[in-house]
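For reference, the structure discussed in these notes is given below.
Just the heavy atoms: all of them, side chains too, but no hydrogens, waters or symmetry mates, feed the values below.
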Amino acid sequence: MSAAHPLPAVEPENPLWQRQLREEFPIVTGHPELAYLDSAATSQKPRAVLEAVQTYLTTSNANAGRGTYPWANRTTDLVETARERVKEFLHDPEPGGSAVHFTSGTTEGLRTVARDWLVPYLRDGDEILVPYADHRANLDPWLEARRLLAERGVEVRVQALPYQAVSGDYDHRALAEAVGPRTRFVAATHVHHVYGGDMNVHRIREAVGPDVPICLDAAQSVGHLPVHLDDPSLDVDFVVFSGHKAMALPGSGAVWARNARGPVFRPGGWQGTPNTVGIVSLQAALDWLDAAGVERIARWTTTLTTRLTDRLGHIGPYDVLGCPVSLAADSPLPAAQRRHGIVTFRHRDIPSDDLGFILFSHGFMVRADSLCQAGADERDGSVRVSLHAYNTAEEIDRLLSVLASLT
């Protein structure tokens with residue numbers, strides 16, 4: 001989601017459509033005493049996804065691209081259809097020239113881009129810019145690429161993307177100064193997995209110019225808010241995401257490659273048996289998300305996020321991580337600056353892991369650790385609440401009541 005597509009406000013009360021969506025998640029409705037608030041780690045699965053998987057496994061399960069009988073042909077067609085479905089879901093402006101490679105998730109996808117595309121692309125003396133305070137999955141592959149190149153006698157300079165100290169957003173003015181004539185690649189994040197903020201990728205493109213390839217970690221945006229690659233403000237070359245965070249099964253994900261800058265993206269090595277069940281679940285999940293309305297889901301989760309952050313700041317010793325001026329419902333910042341379904345905070349006296357156990361004792365499932373943030377360790381623990389379509393305002397209010405009792 002870019003600043004060109006701000007999300008309008010949504011009514012604070014629980015609308016009928018959201019209650020209907022919630023009913024489509026058997027694990028959620030089957031445990032009314034629990035509130036699942038960890039969708040940034042993995043999302044729950046709607047009935048349509050579960051049924052699509054069961055139908056595939058009981059009617060046409062076979063290997064793709066390795067047989068001439070009907071079940072194998074049908075599976076091969078399913079995989080190819082799913083590639084086009086990913087392009088359609090991402091609003092690919094030129095699907096005829098782009099590519100989709102299925103992976104086990106964002107981590108494998110980013111490593112595939114690093115090993116199979118970036119390493120052959122770079123030359124001695126080139127520079128790349130990568131995020132040192134985002135998810136480790138969007139840092140380690142680029143450091144690995146530098147090591148692999150060094151083993152071949154190719155020295156590449158890895159620079160850290162600059163950050164704003166308070167907000168956690170990229171410092172786009174400093175980024176423009178960091179770009180040089182040998183800058184060949186930038187890795188960035190769409191929505192930050194700790195702060196929940198849109199990282200304003202359009203400003204990265206403005207800073208680095210029209211020719212530098214950008215790889216986008218979209219693990220917290222695809223399936224959570226609209227991703228429009230036909231929007232000039234989202235002019236990136238790779239989009240990598242995990243299916244399990246977008247209501248598909250674990251072990252599914254994809255790399256989308258624009259193939260407009262640098263060499264054509266071709267994963268290396270022999271391509272073995274694909275995760276056909278995961279791919280089937282991913283296509284079903286994208287279909288479900290489109291039918292439910294991704295933009296509507298994003299408006300709902302953004303509203304719940306604002307509800308939580310706005311009230312959390314008034315009930316005691318809690319520090320909300322990220323940009324402080326974007327928390328309130330009446331913030332002057334545009335909606336694209338607000339948190340997209342993620343609120344991370346610390347209690348000034350209670351360690352985060354203890355707070356996580358306390359919240360579970362009250363029926364809340366949250367993430368409580370260092371959140372796989374690059375550069376962080378156990379001393380940097382925090383509590384993350386992450387939301388999706390199945391969460392309700394009532395769950396947020398109950399959570400706030402428990403948090404207020406701990407002040």
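Partners of R261 according to the side chain to side chain donor-acceptor pair (under 3.5 Å) rule, which considers only residues two or more places apart in sequence or in another chain, are D235, D237. Evaluation of the ring-ring contact (aromatic ring centres under 6.0 Å, His included) rule for Y132 yields no partner, not counting sequence neighbours. Shown here are the side chain to side chain donor-acceptor pair (under 3.5 Å) partners of Q373, two or more places apart in sequence or in another chain: Y195. In this structure, the side chain to side chain contact (heavy atoms under 4.5 Å, CB included) partners of P263, at least two apart in sequence or on a different chain, are W117, Y121. Every residue meeting the side chain to side chain donor-acceptor pair (under 3.5 Å) condition with S39, not counting sequence neighbours, appears here in chain and number order: Y390.
For the ring-ring contact (aromatic ring centres under 6.0 Å, His included) criterion with H228, the lone passing option out of H202, H91, H190 is H91.
Taking a cutoff of 4.0 Å between a charged side-chain nitrogen and a carboxylate oxygen, D126 and R182 qualify as a salt bridge. With respect to D369 and R384, no salt bridge is recorded, no charged nitrogen being found less than 4.0 Å from a carboxylate O. With respect to D140 and R111, no salt bridge is recorded, no charged nitrogen being found less than 4.0 Å from a carboxylate O.
Among residues at least two apart or in separate chains, salt bridge (Lys or Arg N to Asp or Glu O under 4.0 Å) pairs with a member in residues 151-166 are E127-R157, R147-E151.
You'll find the ring centres of F25 and W288 inside the 6.0 Å limit.
Atom CG in L21 sits 10.5 Å away from atom NE2 in H388 (nearest 0.5 Å).
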